[in-house]
Amino acid sequence: MADPKGFLTTPREEWPRRPAGERVRDWNEVYVPGALLPIVGGQADRCMDCGVPFCHEACPLGNLIPEWNDLVSRSDWRAASERLHATNNFPEFTGRLCPAPCEAGCVLAINQPAVTIKNVECAIADRAWEEGFTPPRPPDRLSGRTVAVIGSGPTGLAAAQQLTRAGHTVAVYERDDRIGGLLRYGIPEFKMEKRHLERRTDQMRAEGTRFRTSTGVGRDVGAAELRARYDAVVIATGATAWRELPMPGRELAGIHQAMEYLPLANRVCEGDLESSPLSAAGKHVVIVGGGDTGADCLGTAVRERAASVTQLDIYAQPGAERDEEAEPWPTYPRLYRLSAAHEEARDLRSAPAADADARLFAASTLRFTGDAEGHVRSLHLVGVDAGRRPLPGTERSLPADLVLLALGFSGPDREDGLVDGLGLEMEPRGTIARDRDFATNVPGVFAAGDAARGQSLVVWAIAEGRAVAAAVDRHLSGGSTRLPAPVGPYDRPMTA
């Protein structure tokens, strides 16, 4: 513990964001460049090095948070990087994208603002790349065994890197034209610039991982053929089967899924398109769904110069303080949080009809209506109570030229033929069934990440990738492995 009184003398200070009016004019990350390092040492000093660090339990990766906080406070960046990378393959991803359940589990958060764990993590990761602390780590020798990883999101990449470093020959199959999965085409550039992803995939190539892009297993390569070619297969395709909203008027033009909209904006940033075919420019946009994907749509629509943009959340507006009875510490509480996108919409007054920032809380969609050409023009909604029951007299309508459905995902997409081609057993909720060793009913085939767990957080995705790699290594080596397995397939986040 570097400063025994740090949590008493130093207030919480987060990485400052650029002014909203400035950052919406570009697609760069929202934070002030270079503004994190000057404050991060003092923030690390606030860590109390607790006897029982609940931040470990709150994070599925088991990150050694007090250890690297102490090292950062002493400016020992190399050692901090070693401790951080001991449990996390991609801390520059989690440091930018994770909602930080570790901070909810921080002991200091019982009665004070938590340590800025996420910011410290990001600072270590960025400094490690700047100082050359993350060289490729190719294996000393090869095992002679081969593994196919299907899907290149955070689960697939983590599994591939662990298995490559263990000496196996690994090929990652990705149906899109670039590696990254949701990190590439689902996460907007302003949340994570893709240079971070490119840097990691370059490292993995140097270690020996092979990448096969524009190759859909079940579409371009037969699933059974792939299984016969490799000693083991890891399915890490994510949960790409989006949830629908079967309301009157759903057939109208101009109503799209969030994951139809977001990839096109990312392709503009990649230089593939001059402008998005679904651009929100000059349109009244309504986003149905109150989660992170909806917020990503919001920030994207604001940058595309939407005439207005409103986000509907079926839940009531949460409070600013933890409900100690319903969500006691150290569980992750549902609080009113202001993401960068919501802050932008609030400051720029992009949603004149909203209750707060860009959101209408406790609002449920009733129907869509359109014009004579069959294009959506209005979304009709109603207020609901805590049981999602409509409240009389609360019906209203919003102008809507573009409606984006951000309602989450139920499991892997069945249309590409992968699941049926392998004959995989499925859970009733639409995910791939597996046993305690991440193994499916097909010998040599394993499943991890959102495809088997269901929609979850990036830290859970990476943790599952590391854990399934240990299971595959054990399978290939005949019963033993040195790879860590931070989670089991049935582990779940802490709840009350």
Next item on the list: Would you indicate whether the side-chain heavy atoms of I235 and I432 approach each other to under 4.5 Å?
Entry: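 With C-beta onward as the side chain, the pair touches.
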Checklist line | Y315 versus R388, side-chain donor and acceptor atoms under 3.5 Å | finding: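 The answer is yes; a qualifying pair exists.
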Item checked: All salt bridge (Lys or Arg N to Asp or Glu O under 4.0 Å) counterparts of D347, not counting sequence neighbours ->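 D347: no salt bridge (Lys or Arg N to Asp or Glu O under 4.0 Å) contacts found.
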Notebook entry, point to check: Can a donor-acceptor pair be found between the side chains of E304 and Y261 at a distance below 3.5 Å?
Noted result: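 Yes, Y261 and E304 have a side-chain donor paired with an acceptor closer than 3.5 Å.
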Next item on the list: Please determine, by modelled atom types, if N88 and T94 share a side-chain donor-acceptor pair under 3.5 angstrom.
Entry: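 Their side chains do contain a donor-acceptor pair, which is all the 3.5 Å distance test asks for.
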Checklist line | Heavy-atom closest contact (A123 atom, V40 atom, distance) | finding: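 Residues A123 and V40, closest heavy atoms: CB-CG2, 3.9 Å.
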Note to self: Tell me the closest heavy-atom pair linking E103 and I117, and the distance in Å.
What the structure shows: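 So the minimum-distance heavy-atom pair works out to OE2-N, 3.1 Å.
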Check: Under 6.0 Å between the ring centres of F409 and W242?
Finding: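 Ring-ring flag for F409/W242: false, centres at least 6.0 Å apart.
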Note to self: Working to the nearest 0.5 angstrom, can you tell me the gap between L262 CG and I187 CD1?
What the structure shows: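 Atom-to-atom, L262:CG and I187:CD1 are 8.5 Å apart.
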Check: Any side-chain heavy-atom pair from L381 and L366 closer than 4.5 angstrom?
Finding: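 Contact flag for L381/L366 side chains = no.
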Item checked: Where A469 and A159 come nearest, the two heavy atoms and their spacing ->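 Shortest heavy-atom contact: CB-O, 3.8 Å.
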Check: Do K194 and E270 sit within salt-bridge range, that is, some charged N less than 4.0 Å from a carboxylate O?
Finding: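 Answer for the salt bridge query: no.
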Item checked: Within-4.5 Å side-chain heavy-atom neighbours: V288 and L404 ->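 Side chain of V288 against side chain of L404, heavy atoms only: no contact under 4.5 Å found.
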Next item on the list: Please round to the nearest 0.5 Å and tell me the distance separating atom CG of L183 and atom CZ of R96.
Entry: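 L183 atom CG to R96 atom CZ measures 12.5 Å (nearest 0.5 Å).
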Next item on the list: Indicate yes or no: does E29 engage R18 in a salt bridge with an N to O separation below 4.0 Å.
Entry: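 No, E29 and R18 are not salt-bridged.
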Note to self: Hydrogens and angles aside, do H380 and T369 bring a side-chain donor and acceptor to less than 3.5 Å of each other?
What the structure shows: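 The criterion, which ignores hydrogens and geometry beyond distance, is satisfied for T369 and H380.
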Item checked: Rounded distance (nearest 0.5 Å) linking atom CZ of R377 with atom NE2 of H375 ->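 The NE2 atom of H375 is 5.5 Å from CZ of R377, to the nearest 0.5 Å.
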Notebook entry, point to check: Any side chain to side chain donor-acceptor pair (under 3.5 Å) pairs touching residues 455-469, not counting sequence neighbours?
Noted result: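 Applying side chain to side chain donor-acceptor pair (under 3.5 Å) to every pair that reaches into residues 455-469, excluding sequence neighbours, yields N89-R466, R434-E464, R453-E464.
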Check: Within a strict 4.5 Å, meaning less than it, do heavy atoms of the L226 and I150 side chains meet?
Finding: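 Heavy-atom side-chain distance check passes, below 4.5 Å.
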Next item on the list: Determine the minimum heavy-atom distance between F211 and L157, stating which atoms define it.
Entry: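 Nearest heavy atoms, F211 then L157: CE2-CD2, 3.9 Å.
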Item checked: Residue pairs, two or more places apart or on separate chains, that pass salt bridge (Lys or Arg N to Asp or Glu O under 4.0 Å) and touch residues 246-262 ->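 The answer is E244-R250.
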Item checked: Short N-O contact, R429 and E427, less than 4.0 angstrom ->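 Looking at E427 together with R429, the answer is no, because their closest N to O distance does not fall below 4.0 Å.
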Checklist line | For D296, all residues meeting side chain to side chain donor-acceptor pair (under 3.5 Å), sequence neighbours excluded | finding: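 In terms of side chain to side chain donor-acceptor pair (under 3.5 Å), with neighbours along the sequence ignored, D296 is linked to K191.
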Notebook entry, point to check: When rounded to the nearest 0.5 angstrom, what is the spacing between CE in M247 and CD1 in I255?
Noted result: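 Answer rounded to 0.5 Å: 11.5 Å.
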Item checked: Over 12 foreign heavy atoms within 6.0 Å of CZ, R127 ->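 Yes, the 6.0 Å shell around CZ holds more than 12 heavy atoms from other groups.
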Note to self: For the OG atom of S364 and the CD1 atom of I314, what is their distance to the nearest 0.5 Å?
What the structure shows: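 So the gap between those two atoms works out to 4.0 Å.
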Item checked: Contact list for residues 208-220, test side chain to side chain donor-acceptor pair (under 3.5 Å), sequence neighbours left out ->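 For residues 208-220: T164-T209.
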Next item on the list: Determine which pairs satisfy side chain to side chain donor-acceptor pair (under 3.5 Å) with at least one residue from residues 280-293, sequence neighbours left out, and list them in order.
Entry: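 Listed by first then second residue: H284-S308.
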Margin query: Tell me whether E343 is salt-bridged to R23, with the criterion being a basic N under 4.0 Å from an acidic carboxylate O.
Written below: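 Looking at E343 and R23, the cut-off is met.
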Checklist line | Chi angles and distances behind the side-chain contact (heavy atoms from CB on, under 4.5 Å) call for Y336, Q317 | finding: CA-CA 7 Å; Y336 176 74; Q317 181 173 341; 3.8 Å; yes
Item checked: Those residues that, when tested against D313, pass side chain to side chain donor-acceptor pair (under 3.5 Å) (two or more places apart) ->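 Scan of D313 (side chain to side chain donor-acceptor pair (under 3.5 Å), adjacent residues dropped) gives none.
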Note to self: Between E174 (side chain only) and S152 (backbone N and O only), is there a donor and an acceptor less than 3.5 Å apart?
What the structure shows: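 Yes; judged by distance alone, with no hydrogens or angles, the pair exists.
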Notebook entry, point to check: Under the salt bridge (Lys or Arg N to Asp or Glu O under 4.0 Å) rule, what pairs show up with a residue in residues 405-414, not counting sequence neighbours?
Noted result: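 Every pair satisfying salt bridge (Lys or Arg N to Asp or Glu O under 4.0 Å) with a residue in residues 405-414: R414-D420.
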Check: Can you name the side chain to side chain donor-acceptor pair (under 3.5 Å) partners of E225, sequence neighbours left out?
Finding: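 For E225, the residues satisfying side chain to side chain donor-acceptor pair (under 3.5 Å) (neighbours in sequence not counted) are R229.
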Next item on the list: Output all residues satisfying ring pair (Phe, Tyr, Trp, His ring centres under 6.0 Å) with F90, sequence neighbours left out; order by chain, then residue number.
Entry: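 So F90 forms a ring pair (Phe, Tyr, Trp, His ring centres under 6.0 Å) with F93.
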Checklist line | Closest non-hydrogen atom pair, Q161 against Q203 | finding: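 Distance-wise, the nearest heavy atoms are NE2-OE1, 3.0 Å.
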Check: Closest heavy-atom contact between G411 and T431?
Finding: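 Distance-wise, the nearest heavy atoms are CA-CG2, 4.4 Å.
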Check: Mind checking what makes side chain to side chain donor-acceptor pair (under 3.5 Å) contact with R25, not counting sequence neighbours?
Finding: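 Counting only residues at least two positions away or on another chain, R25 forms no side chain to side chain donor-acceptor pair (under 3.5 Å).
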Checklist line | Partners meeting ring pair (Phe, Tyr, Trp, His ring centres under 6.0 Å) with Y173 (sequence neighbours left out) | finding: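 Scan of Y173 (ring pair (Phe, Tyr, Trp, His ring centres under 6.0 Å), adjacent residues dropped) gives none.
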Next item on the list: State plainly whether the residues R17 and E22 are in salt-bridge range, i.e. N to O under 4.0 Å.
Entry: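 The answer is no: the pair does not qualify as a salt bridge.
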Item checked: V384 side chain near L391 side chain, heavy-atom distance below 4.5 Å ->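 A side-chain contact under 4.5 Å is absent here.
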Next item on the list: Show the numbers, then the answer: is there a side-chain contact (heavy atoms from CB on, under 4.5 Å) between D202 and R205?
Entry: CA-CA 5 Å; D202 287 346; R205 286 188 182 92; 3.4 Å; yes
Item checked: Spacing of I462 atom CD1 and Q162 atom CD [to the nearest 0.5 Å] ->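 Those atoms lie 10.5 Å apart.
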Notebook entry, point to check: Mind checking whether W15 and C122 have side chains closer than 4.5 Å, heavy atoms only?
Noted result: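 In short, these two side chains touch, coming nearer than 4.5 Å.
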Checklist line | Test item: side-chain donor near acceptor, D357 and Q311, under 3.5 Å | finding: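 No, because no side-chain N or O of D357 sits under 3.5 Å from a partner of the opposite role on Q311.
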Next item on the list: Would you mind reporting whether F190 and N28 have side-chain heavy atoms less than 4.5 Å apart?
Entry: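 They are not in contact (no side-chain heavy atoms under 4.5 Å apart), so the answer is no.
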Note to self: Taking A358's backbone N and O only, do any of them form a donor-acceptor pair with T310's side chain (distance below 3.5 Å, no angle check)?
What the structure shows: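 A pair under 3.5 Å: no.
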Next item on the list: I would like to know whether E92 and R195 meet salt bridge (charged side-chain N to carboxylate O under 4.0 Å, His left out); could you show each step before the answer?
Entry: CA-CA 11 Å; E92 66 271 35; R195 59 187 176 88; over 6 Å; no
Note to self: With no hydrogens and no angle check, just 3.5 Å: does a side-chain donor-acceptor pair link R178 and Y185?
What the structure shows: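 Yes, a side-chain donor-acceptor pair sits under 3.5 Å.
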Item checked: salt bridge (charged side-chain N to carboxylate O under 4.0 Å, His left out) between E189 and R303, intermediate numbers included -> CA-CA 11 Å; E189 190 84 358; R303 282 164 177 76; over 6 Å; no
Notebook entry, point to check: How far apart are the C-alpha atoms of L197 and R184, what are their side-chain angles, what is the distance that settles it, and do they pass the side-chain contact (heavy atoms from CB on, under 4.5 Å) test?
Noted result: CA-CA 8 Å; L197 180 57; R184 171 74 66 180; 3.7 Å; yes
Note to self: What I'd like to find out is whether the side chain of R267 reaches to under 4.5 Å of the side chain of D177, using heavy atoms alone.
What the structure shows: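 A side-chain contact exists here, since the closest heavy-atom pair is under 4.5 Å.
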Checklist line | Main-chain N/O of R367 paired with T365 side-chain donor or acceptor, under 3.5 Å | finding: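 It does not hold such a pair.
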Notebook entry, point to check: Is the closest side-chain donor-acceptor distance between Q43 and E14 under 3.5 Å?
Noted result: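 Result is no, nothing qualifies.
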